[in-house]
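Let me begin by presenting the structure, written as structure tokens, before commenting on it.
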Amino acid sequence: MTIRSIDMQVLVQKVGDVAKIQQAEKTDHNNRQQQFAQQILQQTETNSKTVSQNLRSEATLIRDKQEEEEKRKKKKKQDKLEEDPIDEELLKDEHRGKNIDIKA
């Protein structure tokens with residue numbers, strides 16, 4: 001396919017227009033990227049400066065879980081004491097069993 005001289009004259013004129021359009025698209029794309037990056041930075045700053053507050057229901061749930069765990073530990077300890085009366089005497093004395101007497 002050959003290009004005639006008339007087609008070439010038209011193409012040469014259009015090249016400038018196409019270049020302008022491509023340059024405009026490129027700068028628009030760069031501007032959008034820059035705006036997006038600024039929005040991300042603003043969100044990051046806002047998130048890092050604000051303090052997250054626990055909802056009352058969350059605090060209540062945490063407290064309830066801690067209380068339940070303490071109750072389970074106490075019940076387990078009581079069950080263990082009821083099973084072994086000998087262990088009860090050992091548990092009463094905190095210092096018992098921590099020192100070793102060695103005779104030479």
Side-chain angles (χ1 to χ4, degrees):
M1 181 175 174
T2 60
I3 298 176
R4 292 181 281 170
S5 63
I6 295 174
D7 292 338
M8 189 66 165
Q9 290 174 356
V10 172
L11 286 176
V12 170
Q13 291 175 354
K14 300 270 182 177
V15 168
D17 295 339
V18 171
K20 287 179 184 177
I21 292 171
Q22 286 179 345
Q23 184 65 26
E25 288 177 356
K26 187 176 181 181
T27 56
D28 185 47
H29 180 68
N30 289 340
N31 289 339
R32 286 185 185 179
Q33 278 186 332
Q34 197 172 26
Q35 287 176 350
F36 185 68
Q38 287 176 348
Q39 287 176 349
I40 290 174
L41 283 173
Q42 287 175 349
Q43 283 182 336
T44 304
E45 283 184 35
T46 307
N47 291 343
S48 65
K49 289 182 180 179
T50 57
V51 177
S52 61
Q53 297 177 355
N54 290 338
L55 299 174
R56 288 185 181 182
S57 60
E58 289 178 4
T60 306
L61 288 174
I62 293 171
R63 192 178 324 113
D64 290 344
K65 285 182 182 181
Q66 289 173 346
E67 289 174 0
E68 287 178 17
E69 192 168 326
E70 288 176 12
K71 287 179 184 179
R72 274 190 252 132
K73 285 181 182 179
K74 285 181 182 178
K75 186 177 181 192
K76 199 174 191 181
K77 189 175 182 180
Q78 287 176 352
D79 290 345
K80 193 173 184 181
L81 288 175
E82 290 174 3
E83 290 176 8
D84 257 344
I86 298 170
D87 287 341
E88 185 177 333
E89 291 176 18
L90 296 174
L91 291 175
K92 285 182 183 177
D93 188 14
E94 292 179 6
H95 301 291
R96 189 171 187 162
K98 293 188 177 182
N99 296 327
I100 299 174
D101 296 330
I102 300 175
K103 293 183 181 180

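- Looking at residues two or more places apart in sequence or on another chain, you find no side-chain contact (heavy atoms from CB on, under 4.5 Å) involving E70.
- Checked options Q39, Q33, Q38, Q34; the residue passing with F36 is Q39 (criterion: side-chain contact (heavy atoms from CB on, under 4.5 Å)).
- Each salt bridge (charged side-chain N to carboxylate O under 4.0 Å, His left out) pair with one or both residues in residues 10-29, not counting sequence neighbours, appears once here: D28-R32.
- When the side-chain contact (heavy atoms from CB on, under 4.5 Å) test is applied to L41, no partner is found at least two apart in sequence or on another chain.
- How far CD of E68 is from NZ of K71: 7.0 Å, rounded to the nearest 0.5 Å.
- With rounding to the nearest 0.5 Å, the separation of CD in E69 from CD in E67 is 12.0 Å.
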